[in-house]
Amino acid sequence: MTAEAKATPPLCTRCKEQDGVLGLRSETVCETCFTTFVASKAIKRLEVLQRETRGPRLPSRPQRYLLALSRRPSSTALLHILNENLRRQRERNQRLKFELVPVFVDVDVTDQPTASSNRTAVNADTATSSSSLSSASSDPTSKTPDAPEEETTSPTDAFTAHFPELPIHKVPLSSILSSRAIDWTSLPPQDPTHPPSQRLTDLFTNLPTASARADVSRLLVRHALFAAAATHDCGVVLLGYNTTSLAELTLSEAAKGRGFGIPWLVNDGAFPLPRAIADDPAPTDLTSSSSQSNGSGGGGGAGMIQIYSPLREIFRKEILTYLSIVSSAAGPLAELFPASAPSRATAVVSHRDLSLDDVVARYFADVEASYPSVVANVVRTTGKLNRASSGGRQCRLCGGGLDPLGDERWKGEIGEADATILSATDDNRDERPLRKSMLCYGCDRSVKG
Amino acid sequence: MPPALCGICKTQRALIKRPKNHQKLCKGCFIQIFEDEVHHTIISSQLFLRGEKVAIGASGGKDSTVLASVLKTLNERYDYGVDLVLLSIDEGIKGYRDDSLETVKRNAVQYDMPLKIVGYDELYGWTMDQVVETIGKKGNCTYCGVFRRQALDRGAKMLGIKHVVTGHNADDVAETVLMNLLRGDLPRLSRSTSIVTGSNASEVKRSKPLKYAYEKEIVLYAHHKKLDYFSTECIYSPEAFRGSARGLIKNLERVRPSAILDVVRSGEDMARLVPGVFPDTCGCEGKSSSTQAADEDYSAGGCGSSNGRAVGGEMAAIEKKLRENEAAEAAGLETEVTIAKANNSKTGRPKSSKEEPSKDAGNALPILTKQKLGTCEKCGYMSSQRLCQACMLLDGLTRKNRPEIVI
């Protein structure tokens with residue numbers, strides 16, 4: 001009996017027709033049922049989004065979703081799921097429920113020959129936040145340094161081949177340097193005479209630690225996505241976070257001291273669009289950043305934007321399995337992710353090069369393997385946290401609400417002469433005149449290392 | 001290169017790199033700043049009242065020994081006017097407590113403080129050795145933790161003391177924050193960071209004056225003050241669990257030393273975001289508003305290094321429970337979806353994407369965090385259940401043990 005049982009796999013517990021070849025939580029399912037499971041989890045989140053954002057009347061035109069494509073597995077899977085969903089809607093001649101605008105924020109901006117010597121620094125440290133597959137998009141671009149206008153990917157791009165119906169908009173991260181919504185004075189100074197890509201490289205080089213670089217990079221990408229959403233008239237931004245990465249985000253934000261902002265950064269829902277600092281209701285003494293006005297970055301207005309992570313109920317390993325199964329007209333999607341790339345969770349690096357995000361990611365790689373429900377529980381728990389009132393003030397880096405009470409109390413408890421901050425930054429930034437911080441506690445810590 | 005000078009006095013040679021922020025200090029300045037920071041915590045949180053009798057929960061380990069030493073020093077230096085006594089619990093673990101209790105006895109002489117030792121046997125009728133005999137080595141830390149916490153309160157009561165201070169440090173608090181996130185325990189998350197626990201409902205108030213002190217600095221302080229402490233681990237602590245919250249904290253600390261305090265800060269802030277918890281209107285006045293019911297926050301804790309080690313078994317237990325929940329949920333999926341739908345349509349309909357969302361957007365399902373605090377039917381100890389945790393555990397022990405008794 002044993003030999004026979006081994007030879008024929010059990011039937012899929014879902015369809016009871018095909019062979020069950022994949023483990024899915026406590027079931028054994030066939031490939032079709034697996035992909036259906038993953039896709040329907042994502043689509044269900046979209047339905048929540050549609051319910052939450054629909055006005056009393058049916059919208060006159062489909063909602064426009066900006067899909068944040070980092071070119072890594074999770075957002076690629078999301079792109080595939082939604083593209084398939086759209087295809088099916090078209091096949092059935094349904095009224096389209098949404099339009100998809102994939103945007104890739106390119107962190108790898110140092111294409112200019114002058115800056116090429118520095119590009120490795122940015123590459124190595126921002127791999128956690130974007131474009132780890134930048135080689136796939138490194139075809140020479142024609143943009144000029146002073147016109148950071150976006151472009152769509154070239155026809156030779158691997159992603160374009162897989163998703164020919166969807167032009168993927170590429171935004172250089174350096175375009176965010178003109179944003180008036182970010183408190184640039186809290187970040188390392190830049191030389192305005194340099195081209196944007198060089199300035200961005202300098203910015204990252206001058207951040208004190210790998211943690212700071214990873215964190216600031218991720219937050220700037222977020223700003224770039226908001227700006228792109230404004231440009232493309234998208235009221236919704238879809239992020240590729242999965243259960244595992246949201247749990248990582250929760251714990252790494254907690255480790256960075258950003259506990260107050262966690263509900264803004266992890267949970268789905270409306271997020272205040274970053275507005276230009278000059279438009280703040282409260283008077284500020286900041287003047288320096290208004291000189292870099294370009295206008296395109298701010299996103300304008302005091303409006304809100306919906307941020308959703310449709311994959312929040314799917315584990316990272318399930319995403320990877322999904323990608324290993326599905327294909328587009330151009331072939332299996334697995335082609336986009338050559339197996340040779342070592343996972344950053346296992347690569348050995350020194351503590352100097354490790355960011356807090358990396359530490360948490362390694363931790364969850366272990367936890368996901370043994371205790372997946374614990375991982376899911378972190379995300380569910382975070383989902384229950386309230387967003388505290390911040391009196392309308394938002395952090396000028398992460399965009400979360402500024403805690404009107406916490407800072408004072410913390411300083412009171414820790415002692416105002418906070419040696420931690422004073423001694424850790426023996427640079428010349430202390431010479432600046434004191435002003436009320438526009439950064440939250442976590443961002444302040446991050447920027448100072 | 002000339003030897004680095006102390007960053008504070010600028011005269012002595014720096015011998016210590018502060019674990020907290022890598023500041024280079026001489027020995028004298030390190031001891032001074034460590035004590036100053038604990039003093040600041042005590043003053044800013046108004047921990048002590050003049051004339052108050054305070055019991056120091058003393059295990060003979062580094063944390064409680066440093067706590068006793070620092071509190072004695074500060075009480076004399078700043079004239080808090082508190083009456084300090086040492087309170088020790090004898091769990092009844094042969095070979096572990098015998099030696100550590102000797103340490104506490106020496107501390108009592110060194111610090112000239114009265115010492116009271118309370119045994120599990122007199123409190124519960126069970127020594128830990130007997131508990132282990134009955135239930136085995138797995139999971140006994142739960143018993144020990146629950147018993148010890150109540151033991152401290154009961155011992156304090158015996159001595160007529162209303163305030164117990166414990167040696168919980170910043171690492172412990174940070175670990176608890178992460179553990180509560182991992183086990184999804186919002187009620188505990190909302191109170192685990194409070195410096196004072198135990199409100200009017202309970203007779204004994206507890207506080208953690210070393211809440212902001214790094215474990216590594218506590219060790220350094222003990223070393224440089226040549227304190228007499230006991231450093232053997234509990235013999236019953238289970239195998240180390242690699243992925244424990246404590247391990248994560250240590251790894252985060254390695255990458256960024258401030259991470260421990262940052263987690264504590266996050267924990268304090270997130271405590272205010274737990275639904276049903278009223279935010280402090282002002283942190284500086286009425287500290288009592290942030291006092292919380294003392295409870296099982298450190299149920300696996302209290303036994304020093306075994307803290308993080310109990311986590312392995314605990315995480316497996318949480319995982320099992322969560323899976324059961326998920327299975328139950330999957331079976332009743334239809335109902336769950338309808339509930340969510342009903343709720344969403346209620347809050348979602350009048351909204352358009354342009355409008356300001358309500359403050360609680362994204363929190364479709366309200367959760368109840370308020371537990372009714374009553375007292376245990378059996379022993380009168382505060383409890384949100386019919387029986388307090390200790391009595392429940394004792395019940396189980398007696399039942400498990402009954403056949404043997406019959407024999």
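On a predicted model such as this, the values are computed, not experimentally measured, just so you know. Order of the sequence lines sets the chain letters (A, B, ...), proteins ahead of strands, with each chain counted from 1.
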- prompt: Within a strict 4.5 Å, meaning less than it, do heavy atoms of the Tyr441(A) and Asp444(A) side chains meet?
  reply: no

Residues in side chain to side chain donor-acceptor pair (under 3.5 Å) contact with Tyr241(A), at least two apart in sequence or another chain: none

message: According to side chain to side chain donor-acceptor pair (under 3.5 Å), who are the partners of Ser252(A), at least two apart in sequence or on a separate chain?
response: Asp357(A)

[X], part contacting chain B, at a heavy-atom distance under 4.5 Å:
X	answer
Glu253(A)	backbone
Arg258(A)	backbone
Leu356(A)	both

- prompt: Going by distance alone, is a donor N or O of one side chain under 3.5 Å from an acceptor N or O of the other, for Thr209(A) and Arg256(B)?
  reply: no

query: Salt bridge between Glu268(B) and Arg272(B), side-chain N to carboxylate O under 4.0 Å?
result: no

task: Flag the one option from Val374(A), Ile262(A), Val378(A) with the top tally of heavy-atom pairs under 4.5 Å to chain B.
output: Val374(A)

statement: Most heavy-atom pairs under 4.5 Å with chain B, out of Ser26(A), Pro263(A), Ser211(A), Ala254(A), belong to Ala254(A)

field: Side chain, backbone, both or neither of Leu178(B) within contact of chain A (heavy atoms, under 4.5 Å)
entry: side chain

- prompt: Which residue out of Ile43(B), Asn251(B), Leu252(B) racks up the most heavy-atom pairs below 4.5 Å with chain A?
  reply: Leu252(B)

- prompt: Can a cation-pi geometry be assigned to Arg14(A) and Phe37(A), taking NZ or CZ under 6.0 Å from the six-membered ring centre and within 45° of the ring axis?
  reply: no

